[in-house]
Amino acid sequence: PCFPARTPPGLSTVINVDAHNSTWQDFVRFLHAGKGSHVSGMSELKRYFNRFGYLPIPGTDFNDIFDTKFESAVVLYQKNLGLPVTGKLDTDTISAIMSPRCGMSDDASHALHRTRH
Amino acid sequence: FAYFYGKPRWVRGSRKTPMTLTYAFSPSNMIDYLSSSDIRAVFRRAFCRWESVIPVNFTETGNYQSANIRIGFYRGDHGDGEPFDGVLGVLAHAFSPENGRLHLDAAETWTINFKSDKSKVAVDLESVATHEIGHVLGLAHTSVKEAVMYPSLSPRTRKVDLKIDDVKGVQALYGSNPNFKFSSLLALENSFNQA
């Protein structure tokens with residue numbers, strides 16, 4: 001008699017689906033980056049910092065260089081979020097950056113402040 | 001605690017009587033996997049927490065257009081210039097006084113009970129509602145990690161109780177609810193810290 005093919009237990013495949021946040025999960029690659037470093041894609045992190053009130057919009061596009069302005073932004077972010085102030089993208093800072101959060105800017109003057117019409 | 005630029009707050013009626021602010025849910029922008037009554041109960045509790053510390057009453061109304069605070073769940077670009085970004089990332093946002101808009105990202109896995117919702121990315125609706133109501137009242141983000149007004153919230157985390165930082169901030173805007181006692185909040189926080 002023909003029986004349906006059966007997969008021996010040892011050969012079964014387990015697929016782990018990482019259901020975590022895809023929006024900012026990629027920022028983990030900037031871990032331990034410090035002033036002067038050039039990491040491809042860091043402009044995205046600068047856009048994040050701009051969105052939440054830590055970096056002004058530059059005259060041209062954001063670049064991938066960890067410059068002095070970005071270091072100041074990291075320090076301000078660490079102070080505002082009650083993190084150890086190192087000026088570096090250390091574990092605590094990257095972890096905080098990747099955490100889900102409220103969409104309001106941390107710079108109160110840039111918040112969604114509109115009159116009702 | 002911190003305020004928005006210009007320290008905007010709601011100003012309604014006379015200063016002698018408690019202010020009443022109405023709130024309503026969008027008739028067309030809601031989620032369907034949580035019941036309407038559950039969502040309403042969650043927001044009722046969230047409003048009650050703020051109501052217990054300031055002389056402001058929050059009343060639900062069926063008239064969405066005329067409500068002071070208008071609550072809805074939206075996906076992606078929803079027309080206010082602040083598009084949502086899908087699962088996690090930005091969870092919600094709200095506008096400062098006296099605008100009244102409170103928007104939640106419909107793409108999140110909103111939950112009211114972690115015991116029954118096993119999703120790794122489940123977000124506690126009541127915690128986010130309590131935080132966003134703080135913005136609606138005029139509070140900006142704080143650097144106090146334990147406070148409700150701290151900007152981030154991990155999945156499967158519940159943070160609904162107002163801390164001293166939240167209470168001091170909102171009371172500086174609206175005054176204190178005559179029935180509120182700081183000593184009870186201090187005792188509660190101390191017992192929590194000791195535990």
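In what follows, chains are A, B, ... by sequence order, proteins preceding strands, each numbered from 1. Predicted model only: the values in this text are computed from it and were never measured.
- Under the side-chain contact (heavy atoms from CB on, under 4.5 Å) criterion, B/Ser35 pairs with B/Ser37, B/Asp38, not counting sequence neighbours.
- Between A/Trp24 and B/Val90 the shortest heavy-atom distance is CH2-N, 3.6 Å.
- Under the 4.5 Å side-chain heavy-atom criterion for ILVMFWY residues, a single connected hydrophobic cluster contains both B/Phe182 and B/Leu162.
- Within a 6.0 Å radius of NZ in B/Lys159, other residues, nucleotides and ligands contribute more than 12 heavy atoms.
- Under a hydrophobic clustering in which Ile, Leu, Val, Met, Phe, Trp and Tyr are joined whenever their side-chain heavy atoms come within less than 4.5 Å, directly or via other members, A/Val39 and A/Leu89 fall into the same cluster.
- In this structure, A/Ile97 CD1 and B/Ser152 OG are separated by 11.0 Å, a value rounded to the nearest 0.5 Å.
- Listed by sequence position, B/His131, B/Glu132, B/His135, B/Ala140 are the residues of residues 126-140 of chain B in contact with chain A, using a 4.5 angstrom heavy-atom cutoff.
- The hydrophobic cluster containing B/Val160 does not contain B/Ile71, counting ILVMFWY residues as joined when their side-chain heavy atoms lie under 4.5 angstrom apart, directly or transitively.
- If you chain together hydrophobic residues whose side chains sit under 4.5 Å apart, A/Phe62 and A/Val75 never meet in one group.
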task: In sequence, state the C-alpha distance, the side-chain angles, and the governing distance for B/Phe4 and A/Met104, and then conclude on side-chain contact (heavy atoms from CB on, under 4.5 Å).
output: CA-CA 11 Å; B/Phe4 298 115; A/Met104 305 284 278; 3.6 Å; yes
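- Of all residues in residues 45-62 of chain B, none places a non-hydrogen atom less than 4.5 angstrom from a non-hydrogen atom of chain A.
- Using a 4.5 Å cut-off between heavy atoms, B/Thr142 touches chain A through its backbone atoms (N, CA, C, O) alone.
- Contacts between B/Ala92 and chain A at a heavy-atom distance below 4.5 Å involve the backbone alone (N, CA, C, O).
- For B/Phe1, the side-chain contact (heavy atoms from CB on, under 4.5 Å) partners two or more places apart in sequence, or in a different chain, are B/Tyr3, B/Asp165, B/Lys168.
- In this structure, the portions of A/Asp106 lying under 4.5 Å from any heavy atom of chain B include both its backbone and its side chain.
- The number of heavy-atom neighbours closer than 6.0 Å to CZ of B/Arg40, taken from other residues, nucleotides and ligands shown, is 12 or below.
- Tracing side-chain contacts under 4.5 Å through hydrophobic residues (I, L, V, M, F, W, Y), one reaches B/Val148 starting from B/Ile112; they form part of the same cluster.
- Here CD of A/Gln78 is found 13.0 Å from OG of B/Ser143. Values are rounded to the nearest 0.5 Å.
- Taking CG from B/Leu153 and CZ from A/Arg101, the interatomic distance works out to 12.0 Å, rounded to the nearest 0.5 Å.
- Residues A/Leu81 and B/Lys145 share a closest heavy-atom pair of O-CE, 3.6 Å.
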